Amino acid sequence: MNNNDLFERSKKLVPGGVHSPVRSFKGLPMSPRFIQSAKGAKFTDVEGKNYIDFCMSFGPLILGHTDPIVEKELQAGLTRGWSYGACEHYSLELLEYLVEKIDFVDQIRFVNSGTEAVMTALRLARGITNRSKIIKFNGCYHGHTDSMLIKAGSGLAGEGDASSLGVPEGTAKDTLILELGDREGVINCFKTHKDDIAVVIIEPLPANNGLLEQDTQFLKFLRDISSENNALLIFDEVISGFRMGFKGMAGETGITPDLVTYGKIIGGGLPVGALGGKRELMEKLAPIGGVYQAGTLSANPLAMVGGLATLKQLDEKFYSDLESKTKEIVSIFESYFEKNEKYKELKVISKGSLFWITPVSGITRACDIPGNLMDTFSELFGDFLEKGIYLAPNPYEVGFVSKAHDDSVIAELKLKLGV
Ligand SMILES: *Cc1c(COP(=O)(O)O)cnc(C)c1O
């Protein structure tokens, strides 16, 4: 099989040939690689070429591909059936494991994706407060529910415009968009829309549009101003949860959101999302409360055992090892960029096991990221691909390091880059 042929065939049958736009290699001169199989830190395309994978399914695979312990649990799960549509104890085991470790969460509901978790958390927040407006920050990604596909508008005090066709104006009006770090803006929004703001939502470590680490004091400010105004605070930890330590950024900063959303790592590569919070808030969800939410495949038993087998491996030592490996990988990239005139401008910003290759540094707001990053990235991406190193095919996406990026993979990376 040939990548280009498969892409041509796909383009006839699915818009743009892809099932998620970020896979499309848009703006890049080659067609997407079609992956045949994966193992450890690597995957192999249909033409037999191997890559060290630094995209890792955009985050879920913190253990790498086909982790043997997860694989064993999934194999065992297959023999028991893969969907019941009824109560089962596999999700209970995952619940108990999570709630014991994440002290600010009493209850969790499982859904099928990060988008669904956020959509439900927003509805819950609106249902609890009986208010309609949401404060969201420019550059934070919260999945593709209508109210989150909003960009800064020209209106007063943060009123947004749809960033996608098909999002009604009325929906856009209820999402207020501010720049990260803009305390004045948040204060003004709460003044202008007093008693109308249901919720403030933020990625406490914005990692979907570059890596824009926030000042902890800003997060603390959001916590305080939300409480003072009887609005809720959601930490969307779909990327940062279980990656910046088990308890994500809430754990790292000691700041407790009212609701937290998870995805990605929580399913270990199977489709799982979750929202959690204190019992009195969570019990506003159906069937006890009046906020409706449901899912045919929610808490899918295979996904639950895959998630638990993943999360059980994430102890303190796991995170410190992962971080030191990431530092090593980052310095390899940096040496390569220093050696090559054409990449001289590039730096690597990193936190925990995330990294972002970029010509800009020291920025914390999406509006400070240049719009032309593809210019340098395109060459780097092609060069890496050729050498068998796979990055997310977009300069605004971060890279992910997993447990499977071990010493032998790191040695291979050095060899490939000649550093
Ligand atoms: C990936 C992501 C989402 C969306 O999750 P999906 O599973 O892709 O729907 C939402 N929020 C954040 C912070 C994410 O990183």
Side-chain angles (χ1 to χ4, degrees), residues 18-24 54-62 108-125 134-151 163-164 175 177 180 199-214 219 222 233-245 247-253 257 259-276 293 295 297-300 303-304 306-307 310 351-356 366 392-394 396-400:
V18 293
H19 296 280
S20 188
V22 75
R23 299 178 195 169
S24 72
F54 286 107
C55 179
M56 284 289 147
S57 194
F58 290 96
L61 301 172
I62 196 166
I108 288 171
R109 171 134 320 153
F110 292 121
V111 295
N112 300 294
S113 69
T115 295
E116 215 186 317
V118 169
M119 179 186 81
T120 306
L122 292 171
R123 185 182 305 135
L124 180 57
I134 300 168
I135 293 180
K136 173 194 183 290
F137 295 93
N138 180 28
C140 288
Y141 179 67
H142 301 292
H144 61 92
T145 189
D146 280 1
S147 62
M148 294 290 98
L149 292 180
I150 310 294
K151 59 177 192 254
S163 64
S164 163
T175 302
I177 301 288
L180 286 159
V199 59
V200 177
I201 184 167
I202 188 167
E203 277 183 87
L205 177 63
N208 274 286
N209 194 348
L211 187 57
L212 304 172
E213 190 172 354
Q214 296 301 297
L219 299 176
L222 295 180
L233 176 66
I234 298 175
F235 275 2
D236 180 357
E237 301 235 39
V238 171
I239 276 196
S240 52
F242 316 107
R243 186 162 288 275
M244 294 302 129
K247 292 199 274 178
M249 289 303 288
E252 181 171 314
T253 60
L259 297 171
V260 61
T261 51
Y262 297 119
K264 301 195 169 109
I265 294 172
I266 200 172
L270 288 99
V272 182
L275 65 150
Q293 183 276 332
L297 295 174
S298 290
N300 173 270
M304 295 291 106
T310 300
K351 183 170 166 65
S353 52
L354 300 177
F355 66 84
W356 182 39
N394 181 307
Y396 299 89
E397 297 284 344
V398 296
F400 299 88

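This one's a predicted model, so the numbers in the text were calculated from it and none came from an experiment. Counting convention: from 1, in listed order, for ligands and their atoms alike.
- For ligand 1, the atoms lying closer than 4.0 Å to a non-hydrogen atom of Ile239 are 15 (O).
- In terms of protein heavy atoms, atom 11 (N) of ligand 1 is closest to Asp236 OD2, 2.7 Å.
- Nearest to atom 8 (O) of ligand 1 among the protein's heavy atoms is Thr115 OG1, 4.5 Å.
- Here the protein heavy atom with the shortest distance to atom 14 (C) of ligand 1 is Lys264 NZ, 3.0 Å.
- Heavy-atom proximity to His142, at under 4.0 Å, picks out these atoms of ligand 1: 10 (C), 11 (N).
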### Query
For Val22 and Phe58, what are the C-alpha separation, side-chain angles and deciding distance, and is it a side chain to side chain contact (heavy atoms under 4.5 Å, CB included)?
CA-CA 10 Å; Val22 75; Phe58 290 96; 3.5 Å; yes
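- Every atom of ligand 1 with a heavy atom of Ser113 under 4.0 Å away is listed here by number and element: 7 (O), 9 (O).
- Polar contact with ligand 1: present for Gly114 (N/O pair, distance under 3.5 Å).
- Counting all heavy atoms, side chain and backbone alike, Leu149 lies closest to His144 at CD1-O, 3.6 Å.
- Using the six-membered ring where Trp is involved, Phe54 and Phe355 have ring planes that are perpendicular, over 60° apart on the 30 and 60° scheme.
- Looking at heavy atoms from C-beta onward, Asn209 lies out of side-chain contact with Cys140 at the 4.5 angstrom threshold.
- When heavy-atom distances to ligand 1 are checked against a 4.0 Å cut-off, Glu203 comes that close only through its side chain, counted from C-beta outward.
- Note that CG of Asp236 and CG of Leu275 are 11.0 Å apart. Values are rounded to the nearest 0.5 Å.
- Looking at ligand 1, you'll find an N or O of Asn208 within less than 3.5 Å of one of its N or O atoms.
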### Task
For side chain to side chain donor-acceptor pair (under 3.5 Å), just list the numbers for Arg109 and Gln293, CA-CA rounded to whole Å, side-chain angles, deciding distance to a tenth of an Å, and then say yes or no.
CA-CA 10 Å; Arg109 171 134 320 153; Gln293 183 276 332; 3.0 Å; yes
### Task
Go through the steps for Leu354 and Leu205 under the test side chain to side chain contact (heavy atoms under 4.5 Å, CB included), then give the verdict.
CA-CA 11 Å; Leu354 300 177; Leu205 177 63; 3.9 Å; yes
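- Here's the thing with Tyr141: one of its N/O atoms is less than 3.5 angstrom from an N/O atom of ligand 1.
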